[in-house]
Structure formats: C-alpha cells, structure tokens
Amino acid sequence: MTMTTEAEQTLGTRGAIVLVGTTKGLFTLEGDARRERFELTGPSFAGEEVYATCIDSRSGVTRLFTGSVSSHWGPVLRRSDDLGVTWTEDEQAALRFPEDADASLARIWQLAPGPPDEPDVIYAGVEPAALFRSDDGGRSFALVEGLWDHPHRTQWQPGGGGLCLHTVLVHPDDADRLLIAISAAGVYRSDDGGASWRASNSGIVIGFLPDGEDLEFGQCVHKVARDAGNPERLYLQHHGGIYRSDDGGGAWTAMTGIAGMDFGFPVVAHPTRPSTAYLLPLESDEYRCTPDGKCIVWRTTDAGDTWEPLTSGLPQRDAHLTVLRDGFTTDGQDPAGLYIGTRTGELYASTDDGVSWRLLAEHLPPVMSVRAAPLAG
Amino acid sequence: MTMHVRVRVPAQLRDVVAGAPVVEVTVDGGASGTATVAMVLDGLAVQHPALERRIRDEQGQTRVHVNLFVGSDNVRDRDGPATPITAGDELSVIPAVSGG
C-alpha cells in the first residue's frame, strides 16, 4: 500500500520535472512531490543549443518537446512520451518552411501548448520570425500564413538574438485570440485564430530610436506574460521599460515601480494568483547583468503598482548574472515553483512563491530556457 | 542508367540512419552514367530525409559548417552541387572544424 503525504495530496502530483535547455544540450531534473529533492540527468543532445522546451500534460500523459539547433546540422524538433528517456524525431521534418516561403528554419524559440481542450494543438515560434501550428500533437506543423504574409514582415529588424518569434499566448477563454511577440518587431494579435494580425504596441516607447514614441511596430519586446486572474491583463518586459496592459494588449502603460530598472529579459506571471508577477531586471543594455552584483527577483502583488525585492537564498554579492527571456519560469502550482537558469550555469528554485530560493544546480552550460511542471498521476 | 552512390556518414549523424557508416543512394545517371552531388542529395532526401536535412536547409543550400567531398575533392572547390559524380565515387559528409 502506498501512502501519500498531505503535501503530495495537496499538490496532486507524483513529482515534478524541470527541463533546462542550455547551449550544450538538455538537462532534466526530476523531483519529488514536495519539490525538495531533485535528480539531475543529462545532457541529452550534447552540443546542441536548446532554446525551446515544452511540457504538455493536456492529454493526461506528460509529453515533452524540445527545439534545438546544432551549429553544424541545423535545427530539430523532438518529442518524448517517457519523460526524456527516449526522444523521437519524425522521419519527415515536423517543422520546416514550405518551399514557396523562400526561408529556412534557423532556430526554434518557443513551443507553446494550445488551448486546454485541444490537446493536439501546439504552437511554435521560430527564427526567422514566424508562427507555426500543429494540429496533430506536434507530428507536423503548418506555417501560420496570416502572420507570414503580414505587410510589416519585410520591415522587421532582428534583435541581438536574431529575428525571433519568442512568445505565444493563447487567450484562455477564446482560442482564436492569439498574441505573439517578436524581437524586434513587437507584439501582434489575432482574433481569428491566426488568419489576420495587427500590431499591438500602443504606448511602448522605443528608447533606442530617435522617434521611438507612437511607432506602430519595431519594439524590442523581450517577453509577455498573462495575469492569472484577469486574462486581459498582460505584463511585458521591453528592451527598455516594463509595461502592463489591461485590455489584452490594446494599450500599454509603463510600470515605474522599480526605479532605474528598465532592462531585462523575462517576465513571469504567478500561475494562480491574480495581479502577481515577477521580474528579474538587469543593469542596462550595455552590461546585461544583475545590478551591483546582486541577484534580485522583484514581485508585484498589485498588478505592477508596487514591487518588492525577493533576495532570500539568491546571491547578493559578486553575482553578475544574466537571465534570458525563457530562463525564468513557473511550474504552474500553488504555491508557485519558480525556476531561474543563468548564463553562468546556475539553476535557482523557489517553491514558496519566490519568498526563498535555493541553488538547485550549478556548473551547467549557459542556460537558454527553463520549463517546469508537476507530474500528474 | 541507375547508379548507386555510397554516402559516407560521419559518426555524429549515424543515429539518424540506424548507425550505418555508409548509406547507398540510388540516382539516375542518364546515358552517360554521371550524376551530380545535388542529384545524390535529392535522392537522399527521399531515402534518408533526416540525414539530408542535416546537410541542406529547406532552400537546398548546403549548411555552412558541412563539407561534402567527392573522393578527396571538396565540392566547394569544384562546382558545388553541380559537381559530377559517377558510379563508384563516394560522397563524404564531413563536419567543418568549427563551432564553440
């Protein structure tokens, strides 16, 4: 007879999984239901850069996806139905541009589950900036032509990481409402399942251009996250500035509660608590490291009006860390598990909504992406 | 004339061809019994697509850090994809010494 602890029953899980994509392959951490003890394995795909991973449990089985690229052999999409013990790559490439697109896949930046009630729908954001949709659980993807054919596309300029589509948000109440973000083109939205798109950057100031106010597109949006309680509320980390929208991205308002901290890559919304989000600002776009050698996570519980620093367990001395746009994530639980991977190979974890942190792994290759989830069952 | 061309697979890619160090590709060499590197890669795309897409991208361009040799000749120093290949020749796929 198997006994479960109260905590395990509360979490309703048999454990937790964390995928850490690095510049040298994928590392996997499997943890117990309390998220106290984790075992690290890897690397899988040694030598490949893993910019995108996805943990998808919508069908009742936990399925993993990775998007990686080899400097020699190009990009590849893989999936696993056994928590990464084995990986499958389809004989015919699941993700590739059609012949008439006159483009080649350079990198997979984002793999995002579709609506909860459509478990076979998966979105992929790639470089050069494009959105793909799968309707068969990731076995094949089709280019979302409505975005590819957008008249702005030929004018989009790449950010420092390339011309990448790095954020895909599906509205929880209406699967036809999609929001994507591209560096450095900005936010685009669709209300018809991707058939048509419009730029949605009103209010975001492009500080690195001489006439950077009120431009329709060209913003270097680094990440967007959706509030847990109000699906119309979004948080956005821009190349310079942090923003909030209360109308689904129609208009953006600068949040000024963290003095002098405009630059950063990730923004994470609490998975269950309304008006709660996290930032990890970096010092200037020239330095791009945690300011003053201190790693500080900032949390708001009032939708960005005020922010509090969270430092317990995070290094507060000689810590010049860089955390990239997908290097900070949550595991979807309550209290939230939060995970931060750095470009210097550390993985920090919190299982109490960010109040306290601990070092989960170190000496990894530079971390590009982190995803975490409970294991159902 | 149907030709069979041997393609030598580097160790890093053998997991996509069930561990084989060499795969044989069937191409049409016409009356002269001569094909091109591009024709061999086109055949590879049908017979071993996971290998071919590691050599060429969707636009048919050989990936930057991949070298193709016909015998001891780098095809970049000859006619690129149009480099002729005849029965008995071997096409070697060799990763460039690059990266970080």
Side-chain angles (χ1 to χ4, degrees), chain A residues 22-26 43-50 66-80 85-108 124 126-128 130 132 139-143 148 162 343 345 365-366 368, chain B residues 7-26 37-70 74-77 80-81 91-100:
Chain A
T22 78
T23 59
K24 297 294 182 182
L26 175 73
S44 302
F45 332 125
E48 296 181 16
E49 297 178 334
V50 182
T66 62
S68 61
V69 63
S70 158
S71 58
H72 285 91
W73 315 116
V76 59
L77 175 75
R78 297 182 177 94
R79 68 176 186 276
S80 173
V85 177
T86 59
W87 293 88
T88 299
E89 173 192 352
D90 286 295
E91 183 74 3
Q92 300 298 329
L95 193 53
R96 61 184 292 148
F97 280 95
E99 286 186 14
D100 61 0
D102 195 27
S104 294
L105 183 66
R107 193 184 300 278
I108 302 166
V126 308
E127 175 188 349
F132 285 79
R139 288 177 173 77
S140 65
F141 284 79
L143 177 67
W148 186 251
R343 287 214 63 164
M368 308 308 293
Chain B
V7 178
R8 300 195 70 84
V9 182
Q12 299 96 318
L13 294 185
R14 288 177 191 166
D15 61 341
V16 300
V17 287
V22 176
V23 296
E24 198 166 83
V25 178
T26 303
V37 167
M39 292 167 66
V40 174
L41 295 175
D42 289 345
L44 206 59
V46 175
Q47 297 163 45
H48 300 283
L51 176 59
E52 186 270 344
R53 63 176 175 263
R54 283 165 166 79
I55 300 170
R56 297 191 299 187
D57 64 23
E58 294 102 307
Q59 297 179 89
Q61 299 297 312
T62 303
R63 297 191 184 280
V64 174
H65 299 295
V66 176
N67 292 316
L68 298 172
F69 281 73
V70 174
N74 188 330
V75 303
R76 285 198 173 94
D77 299 329
L91 178 67
S92 298
V93 181
I94 299 177
V97 182
S98 56

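Each chain gets a letter, A, B and so on, in the order the sequences are listed, and its residues count up from 1.
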R96(A) and E52(B) ion-paired at < 4.0 Å: no
Residue pair E89(A) / A50(B): nearest heavy atoms and the distance that separates them: OE2-CB, 4.2 Å
Interchain contact, V46(B) with chain A, by part (heavy-atom threshold 4.5 Å): neither
Proximity breakdown for D102(A) and chain B, heavy-atom pairs closer than 4.5 Å: both
Check: P49(B) main-chain N/O paired with Q92(A) side-chain donor or acceptor under 3.5 Å: no
A106(A) versus chain B, the contacting section by heavy-atom distance below 4.5 Å: neither
Candidate list V16(B), V93(B), L51(B), test side-chain contact (heavy atoms from CB on, under 4.5 Å), partner W73(A), passing option: V93(B)
Over all atoms of both residues, closest heavy-atom pair of H72(A) and V66(B): O-CG2, 3.4 Å
Sequence neighbours excluded, every pair satisfying salt bridge (charged side-chain N to carboxylate O under 4.0 Å, His left out) that has a member inside residues 67-78 of chain A: E48(A)-R78(A)
Listed once per pair and sorted, the salt bridge (charged side-chain N to carboxylate O under 4.0 Å, His left out) pairs that draw on residues 40-51 of chain B, sequence neighbours left out: D42(B)-R56(B)
Residues, nucleotides or ligands: over 12 heavy atoms within 6.0 Å of E91(A) CD: yes
Least distance between heavy atoms, H65(B) atom then S71(A) atom: CD2-O, 3.2 Å
Non-hydrogen atoms of S104(A) and Q59(B) that approach each other most closely: OG-NE2, 3.1 Å
V76(A) and R53(B): CA distance, side-chain angles, deciding distance, side chain to side chain contact (heavy atoms under 4.5 Å, CB included) verdict: CA-CA 9 Å; V76(A) 59; R53(B) 63 176 175 263; 5.7 Å; no
